[in-house]
Amino acid sequence: MSSGERQPETSWGEPVKRVYVAVDVPADAARETPGEFPFTRGIHASGYRSRLWTMRQYAGFGSATETNKRYRFLLEQGQTGLSVAFDLPTQMGHDPDAPIARGEVGKVGVSIASLEDMQDLFEGIPLDRVSTSMTINATAAILLALYVAVARRQGIEPSRLSGTTQNDILKEYIARGTYIFPPGPSMRLITDLFAYCRTAVPKWNTISISGYHVREAGCTAVQEVAFTLANGIAYVEAARRAGLEVDAFAPQLSFFFNAHNDLIEEVAKFRAARRLWARIMRERFGARDARSQTLRFHAQTAGSMLTAQQPENNIVRVTVQALAAVLGGCQSLHTNSMDEALALPTERAVRIALRTQQILAHESGVAGTVDPLGGAYAVERLTRDIEAAAEDYIRRIDEQGGAVQAIGFMQREIQEAAYRWQREVEDKRRVVVGVNDFVTDDEPRAALFAVDPGVSEALAERIARLRKHRDSARAARALDALEHGARGTANLMPLLVDAVEQAATLGEICERLRAVFGVHQPSVTF
């Protein structure tokens, strides 16, 4: 390196070479083919030629009725799948009239507490013709039960439903915090959902194992791959302990990754994750069905990289991040809106974010070739570097007994990585345009989106009316049956579906489950 030449580094601190050459490319790279093991170059031989990725914009706020209007708007703009954001009370198992929920109802997502709410959320939207992703974890089984019940009321058999429940509780313990029950009962709910969907909702993706949130918490690209796949290993092992054959449930596993700023590194990250998961499933778990070996993933652009300063710059950031996801072979994609560092997005900002995907799909040409950066020296080298470093992390997690036992270890690694990144920004070794360099005076901002301040009181009154007018005896019997099942070994999904159909609320269901399972108490890590 010549004097005065800067030395870029990867997100995990390794120097980036000035130039990569043929010797940097592993010998087997040239022989790899899209659609074939180990799927480094993509899980489909035809890539996006036969089907574009699903354009699935994440949305939810206030009441179900208000969010339904936003969904209809997005579908009219050409969105091809729905993605539901739930508010914190829904995520944490509280009804909108619970004292702890006050002030949070409808703020960061839509409030869903009953079958009535779920019906309003999907009013006029045929569930057999739309794929729905639900970003929900601790209460995922309840929300799926509500979705199944709504489909039945629309006259749709659950077997025709397609979509995803995130249902990834381990990353909540590690990085995000919206957990309710301890790990053991939480894993039971997850595997119950696996078993139920196998026959009742076979097109449903039963889990979206999420690296997105650990990356948002500050980890590196290598840690994102490693910790996500380590969690995936834990879920596979839990399902096998529950008596499920690997090829019976693994085809419905899916993943959720962050699309971050470094274009080349991110493309390599997605390729490395696919390659490593394929080997884990075949060599570690003996999966023989190719669908069990394929890593299907949704990507979302990096919310933590959005800036409140010069928010229009976020359009460019999101475009780069979305391009990385597409070049990396995502199956579905959400693009963040430029104003999300300031508030929930406006319709104008959401439309720009969706148009970004549509331009990439129809004007950029990147969808015409499968794995268009495959064979590029830098991409191939970084793919193998990320795979090797992630595999080393997984080995260290295995030595501690697996992902559940290694929660504290992963938390500490993320904290250290986040601290390093923040120091680099503060020392200006990492430039964030508009924040620590290229700064301008504050500019006038467009009007921001605001949730109706009266939504909390309105929804609290609504849930009170539901309890008053329902058949209370039937609801109580369904809740009693659920509690009895939780104390035994029955699959809880059919009991949850019956409970919501008898107008039991999400908060009431969680109260019964808390009485049996208890509440997780996190250990403090430093």
Side-chain angles (χ1 to χ4, degrees), residues 35-39 43-44 128 131-134 136-137 140-145 147-148 151 157-171 183-210 228-256 273-298 331-332 394 398 402-404 485-486 488-497:
E36 295 182 8
F37 185 90
F39 306 103
I43 65 172
H44 300 300
D128 56 341
S131 170
T132 300
S133 173
M134 294 190 280
I136 196 72
N137 298 283
I142 304 168
L143 270 297
L144 179 59
Y147 195 77
V148 167
E157 287 297 318
S159 60
R160 295 166 61 191
L161 299 175
S162 64
T164 304
T165 35
Q166 190 164 100
N167 200 26
D168 176 7
I169 201 64
L170 291 178
K171 66 94 173 49
S186 294
M187 296 296 272
R188 174 189 172 181
L189 287 168
I190 289 168
T191 56
D192 279 359
L193 191 151
F194 285 6
Y196 173 79
C197 287
R198 179 187 174 191
T199 53
V201 201
K203 296 180 183 178
W204 197 261
N205 297 317
T206 53
I207 192 168
S208 179
I209 305 161
S210 177
T228 306
L229 299 196
N231 288 347
I233 289 167
Y235 293 126
V236 173
E237 290 175 340
R240 293 179 77 188
R241 287 194 300 271
L244 301 177
E245 294 293 330
V246 66
D247 284 324
F249 67 86
Q252 295 309 116
L253 302 179
S254 63
F255 290 80
F256 176 23
R274 263 196 306 269
R275 179 179 171 85
L276 183 52
W277 184 247
R279 291 200 298 104
I280 288 168
M281 292 305 292
R282 187 166 81 169
E283 297 168 10
R284 182 167 181 159
F285 294 113
R288 292 293 171 260
D289 188 334
R291 296 174 304 157
S292 301
Q293 301 166 1
T294 57
L295 183 149
R296 297 172 300 115
F297 75 96
H298 170 74
Q331 277 61 65
S332 67
I394 291 171
D398 284 341
V404 175
T489 59
N491 188 307
L492 298 182
M493 279 302 305
L495 297 170
L496 288 169
V497 174

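Below, each value reflects all heavy atoms present in this structure, side chains not excepted, and no hydrogens, waters or symmetry copies.
- Gln331 contributes a side-chain N or O that, together with a main-chain N or O of Phe297, makes up a donor-acceptor pair within less than 3.5 Å.
- Here Asn167 pairs with nothing under the side chain to side chain donor-acceptor pair (under 3.5 Å) rule; sequence neighbours left out.
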Margin query: Does Asn231 form a side-chain contact (heavy atoms from CB on, under 4.5 Å) with Lys171? I'd like the steps, not just the answer.
Written below: CA-CA 8 Å; Asn231 288 347; Lys171 66 94 173 49; 4.2 Å; yes
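- For Gln252 and Lys203, the side-chain atoms include no donor-acceptor pair closer than 3.5 Å.
- Applying the salt bridge (charged side-chain N to carboxylate O under 4.0 Å, His left out) test to Asp192 and every residue at least two apart in sequence or in another chain returns Arg188.
- Annotation: salt bridge (charged side-chain N to carboxylate O under 4.0 Å, His left out) contacts of Arg240 (sequence neighbours excluded): none.
- Taking the side chain to side chain donor-acceptor pair (under 3.5 Å) definition, one finds that Ser332 meets it with His298, sequence neighbours left out.
- Taking a 6.0 Å sphere around CZ of Arg198, one finds it holds 12 or fewer heavy atoms contributed by other residues, nucleotides or ligands.
- The minimum heavy-atom distance linking Met281 with Gln293 is given by the pair CB-CA, 4.1 Å.
- Remark: Ala290 pairs with Phe39 by the side-chain contact (heavy atoms from CB on, under 4.5 Å) rule, at least two apart or across chains.
- Partners of Tyr147 according to the ring pair (Phe, Tyr, Trp, His ring centres under 6.0 Å) rule, which considers only residues two or more places apart in sequence or in another chain, are Phe122, Trp204.
- The two residues Leu295 and Phe255 make their nearest non-hydrogen contact at CG-CD1, 3.6 Å.
- Side-chain contact between Pro38 and Leu276 is absent, with no heavy-atom pair separated by less than 4.5 Å.
- Between the side chain of Ser159 and the backbone N or O of Pro202 there is no donor-acceptor pair closer than 3.5 Å.
- Between Ala287 and Val246, the closest heavy-atom pair is CA-CG1, 4.1 Å.
- Contacts of Arg291 classified as side chain to side chain donor-acceptor pair (under 3.5 Å), with partners at least two apart in sequence or in another chain: Asp289.
- Using a 4.5 Å heavy-atom cutoff, the side chains of Thr165 and Asn137 are not in contact.
- Ser131 meets the side chain to side chain donor-acceptor pair (under 3.5 Å) test with Arg56; sequence neighbours excluded.
- Contact between Ala141 and Leu193 at its shortest, heavy atoms only, is CA-CD1, 3.9 Å.
- A pairwise comparison of heavy atoms in Asp168 and Ser208 identifies CB-O, 3.7 Å as the closest pair.
- Shown here are the ring pair (Phe, Tyr, Trp, His ring centres under 6.0 Å) partners of Phe249, two or more places apart in sequence or in another chain: Phe194.
- Partners of Ala490 under the side-chain contact (heavy atoms from CB on, under 4.5 Å) rule, at least two apart in sequence or in another chain, do not exist in this structure.
- Under the salt bridge (charged side-chain N to carboxylate O under 4.0 Å, His left out) criterion, Arg284 pairs with Glu237, Asp398, not counting sequence neighbours.
- Summarising the geometry of Leu143 relative to Met134, their closest heavy-atom pair is O-CE, 4.0 Å, with the distance given to 0.1 Å.
- The side-chain contact (heavy atoms from CB on, under 4.5 Å) search around Ala151 returns Leu127, Ile156, Leu161, not counting sequence neighbours.
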